[in-house]
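To find a chain, count down the sequence lines: A is the first, B the second, and so on, and within it residues start at 1.
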There are 2 protein chains.
Amino acid sequence: MPETLITTAAPAAPPRASPMRPPRPAISSRVVGENLTLLYEGGRNRSLYRVVDGCVVLSQLLDDGRRQITDVLGPGRLFGFTVDGRNIATAETLSIARIEPLGDADLNATNPAVASELKTTLQRMQVHATLLGRKTASEKVASALVELARLFNRTGRNGAPARLSFHLHLTRADLADWLGLTVETVSRCLNRFKREGLIDFSHPKTMRVLDPERLEATAGFTRHRAGDAARP
Amino acid sequence: MPETLITTAAPAAPPRASPMRPPRPAISSRVVGENLTLLYEGGRNRSLYRVVDGCVVLSQLLDDGRRQITDVLGPGRLFGFTVDGRNIATAETLSIARIEPLGDADLNATNPAVASELKTTLQRMQVHATLLGRKTASEKVASALVELARLFNRTGRNGAPARLSFHLHLTRADLADWLGLTVETVSRCLNRFKREGLIDFSHPKTMRVLDPERLEATAGFTRHRAGDAARP
DNA sequence: AGGGGATGTTGACAGCTGTCAACAGAGGTC
DNA sequence: GACCTCTGTTGACAGCTGTCAACATCCCCT
């Protein structure tokens, strides 16, 4: 197989009725299965893709098997960026997902909306670098929960602000690879948060935030905003 | 001062004759001093800038003082990207630097060359995330040396391939903030590499690579390139 | 030339997080 | 329904890296 391509789900799963579905249904979107590798780092790919619904992660591998998840994408996010026609990262689905191809990656990079998405992604990467380099294990795990809660927030059926319950698409191993930790450390942090009443989960992936304020406090200090002050 | 602006060097230092100077001299470029903060994270800024010569670092702060250097820029690299008109990162000079303003940041983001630079930067950020999350202290320091050697390589005056000697613009503290380590760990790694004959330095910032192959081996495994292989 | 602060080095020690191991539980297959 | 594998949890322990401290060195400034 000379090119890395978007793979359609073997058994075409019915699109989940999701509250995150955008108002205008995508015409050319495809539904792909769970745990599929859509793009390989270093592989060729000329298109850009939008996550319409579901969860996609980007990752890089060291050749001894160490893995780093570099980004977790929810609805609306783009992926498939290339340098010299080669994919920057491997892209995998962590859920059944709806993916919309946007056509030529290079052409699209000059589209204002895509350029804006690129800058937003760059900002996210820098924030995550700060997490990886400068936060403790507890802060990392708490930060991840805060972020994933925002991403996969379940809105109430009345469109209300939503309960603080969400589906954790990532396994403990995925969380570890995202946060630069080990599975054991992630598990210990989550269960400590549970004992301390910050969160609750009966099923490992069904998360519920019980105390948003303390969780955010545990997530560590927010990024410093120098604002408009200037040092001479 | 309502806006964060490029600050001109107080005593306009003469531009260092540098071999990295591009063939076409920039017309509107300015020379700025060492250890100046050019842009503040969260500050307003409408222009994009190119590093013509010198060394600029981008960083983020947590409000308890922890710092993460997210990128080290050498000649040719762009900075000043914004999201919602706010700077993504703080930009500081680590050397006397020549900086060239490129005009409106948002307009430029749709320029093909700038879009390409954005994607390259995104790739660099992902590679660095893998370093931060998945490499050991020794691998991190060795990786940094390999990268900085490429960035600030001194070419011989005859344009020859260059001795493996370069100026480390970063202090030990900067290296630590870049690699997610402490000053002490960075210092210990560097001096161990020195004892083991991988590198040499008499002055803390005058680095010389004695054994490039072993240094690169110490830098850890290269990123895995899945190439065009596809897993069914 | 003489301070004096910033930067860099080194040692002792602690503790956070990784490693190894055993086990529990969930989910999938036949 | 009975395996069987993957995932998650928990404990014991080790070791890498951070913390604290002292000191050396460099560089700037007067």
Item to complete: Please check if the side chain of B/Thr93 supplies one atom and the backbone of B/Leu36 the other of a donor-acceptor pair under 3.5 Å.
Response: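 Such a contact is found between B/Thr93 side chain and B/Leu36 backbone.
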
Worksheet item: Would you say the side-chain atoms of A/Thr37 pair up with the backbone N or O of A/Glu92, donor to acceptor, closer than 3.5 Å?
Response: no

Could you tell me how far apart [X] ([atom1]) and [N] ([atom2]) are, to the nearest whole angstrom?
X	N	atom1	atom2	value
A/Phe193	D/dT9	CZ	P	13 Å
B/Asn35	C/dA6	CG	P	13 Å
A/Arg172	C/dA26	CZ	P	13 Å
B/Glu34	D/dC27	CD	C1'	12 Å
A/Lys205	D/dT7	NZ	P	8 Å
B/Leu175	C/dT7	CG	P	13 Å

Can you pull every protein N or O that's under 3.5 Å from an N or O on nucleotides 16-20 of chain D?
from, atom 1, to, atom 2, distance (Å)
D/dT17, OP1, B/Ala137, N, 2.9
D/dG18, OP2, B/Thr182, N, 3.4
D/dG18, OP2, B/Thr182, OG1, 3.1
D/dG18, OP2, B/Thr185, OG1, 2.5
D/dT19, O4, B/Arg188, NH2, 3.1
D/dC20, N4, B/Glu184, OE2, 3.0

Worksheet item: Which nucleotide, C/dT10, D/dT9, D/dT7, lies nearest any side-chain atom of B/Asn191?
Response: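 Among C/dT10, D/dT9, D/dT7, the one nearest the side chain of B/Asn191 is C/dT10.
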
Practice prompt. Please name the residue in the list B/Val141, B/Leu168, B/Ile69 that meets the side chain to side chain contact (heavy atoms under 4.5 Å, CB included) test with B/Leu175.
Written response: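 Among B/Val141, B/Leu168, B/Ile69, the one meeting side chain to side chain contact (heavy atoms under 4.5 Å, CB included) with B/Leu175 is B/Leu168.
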
Practice prompt. Run through A/Leu94, A/Val57, A/Val72 and flag the one making a side chain to side chain contact (heavy atoms under 4.5 Å, CB included) with A/Asp174.
Written response: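 The passing option is A/Leu94.
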
Worksheet item: Does a side-chain N or O from A/His203 land closer than 4.0 Å to OP1 or OP2 of C/dG27, or not?
Response: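 Answer yes for this pair, as a side-chain N or O of A/His203 is under 4.0 Å from OP1 or OP2.
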
Worksheet item: Relative to the ring of B/Phe152, is the ring of B/His169 parallel (under 30°), tilted (30 to 60°) or perpendicular (over 60°)?
Response: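 Perpendicular.
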
Response to the item:
All heavy atoms of B/Phe201 vs all of B/Lys194, minimum pair found to be O-NZ, 2.8 Å

